[in-house]
Amino acid sequence: MAQKKQTIKTIGILTGGGDCPGLNAVIRAVTKTAINRYDLRVIGILDGYLGLIEKRMKELSYNDVSNILTQGGTILGTSNKADPLKFPVTLDGKCRLCDVRDNCLHNAEEMGLDAIVAIGGDGTMAGAASLIQTGLRFMGVPKTIDNDLPGTEVTFGFNTAVMTATDAIDKVHTTASSHHRVMIVEVMGRYAGWIALHAGVAGGSDVILIPEISYTLDVICDFVRQRSRRGKRYSIITVAEGAKEKGGKMVVKKTVKNSPDPIRLGGIANKLAYDIEQQAKLECRAVILGHVQRGGTPSAFDRTLATSFGNYALEQLMAGHNNRLVVRRHGELDTVPLSTIAGKIRTVPRNHQLIEAARAVGTCFGN
Ligand code: F6P
């Protein structure tokens, strides 16, 4: 699988990192385009980079990818623990983190892979960027519910996650107003507040807390108490899992050994519920949405985006481009070099237009 090879006869495809609605739609688009239009062999690599490291792969036929457009998850399996640069290997009874990129190259060559379509987020793209150095050829497709990949204005999976979170926010309104409570809905997003911002605005949240704007407890308590005094005896707070108090730290739920990013956030809603109850003397409840945001059938938007991304990725490879990430900018598809985005994340600008619009309709951002 050397860079000099021009003709592509066999492509590999893998899904890395957390699962996300729309993965199967990309697998389908890549595979169908490859088989229909170019008569290529398509090899599905199982469980992300793990399958490449352990040589677990299977050929995908047209039928294998039929009827998967609407399915959540990934038919190939995924892993957010396998980093080819730091893979745990047990030698003489001791576990060491080893660079196993040569194994990946060897396995790819044995399977005859001329290029690999890697569907994933920042960890997967960082893995691809490191494997490119061995001579492997890649085309990245941007996936993540967090919407935090640089270079692209949108990733597939985000829209579905926002719809799920919005639906949950809509539903907690009932309990909030009936019981005169502060309901706090915690959404995912890691270090970026995209899901919280969009779902918070769509669900008409009174307070939206995102990692990019540290909050002050006094500001939130004054805001919900004032609402109470004005007769609005309930409030809805949407909080991103990465939000933190000014001068405080993000709430870490657990650390996952051998993951490229071992930190797992979660629990800020519980802390806020406790703090607001103590200070504002209003009854609070926390709802942590967690992985329901990653599940279910992809929205129509994500299905179409995933189909366009998958088709474009394959067309780009066939046109001789590689080691790039498919992106969407100003509504148009394009690519950027993988090396320019690997290891970086895209957070919400503090002056984002949607923040300004939300402030204008009276939303508090806790600052
Ligand atoms: O990156 C997607 C994501 O769902 C984040 O929003 C969340 O912080 C993380 O993955 C959770 O990871 P895991 O599935 O390993 O708990």
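Order of appearance sets the numbers: ligands from 1, and atoms from 1 within every ligand.
- For ligand 1, the 4.0 Å heavy-atom shell contains residues N80, I145, D146, M188, G189, R190, E241, R264, H291, R294.
- We find the CD-OG1 distance between Q293 and T160 to be 11.5 Å, quoted to the nearest 0.5 Å.
- Sparse packing is recorded around CG of N67, with 12 or fewer heavy atoms of other residues, nucleotides or ligands lying under 6.0 Å away.
- The hydrophobic cluster containing L217, built from Ile/Leu/Val/Met/Phe/Trp/Tyr side-chain heavy atoms closer than 4.5 Å, also comprises V182, I184, V207, L209, Y215, I220, F223, V224, I237, V239, V251, I268, L272, I276, L282.
- Side chain of D334 to main chain of V327: no donor-acceptor pair is present (N/O by atom type, distance under 3.5 Å, no hydrogens or angles).
- Put simply, the side chain of D122 reaches to within 4.5 Å of the side chain of R190, judged on heavy atoms.
- For CE of M163, the number of neighbouring non-hydrogen atoms (other residues, nucleotides, ligands) closer than 6.0 Å is 12 at most.
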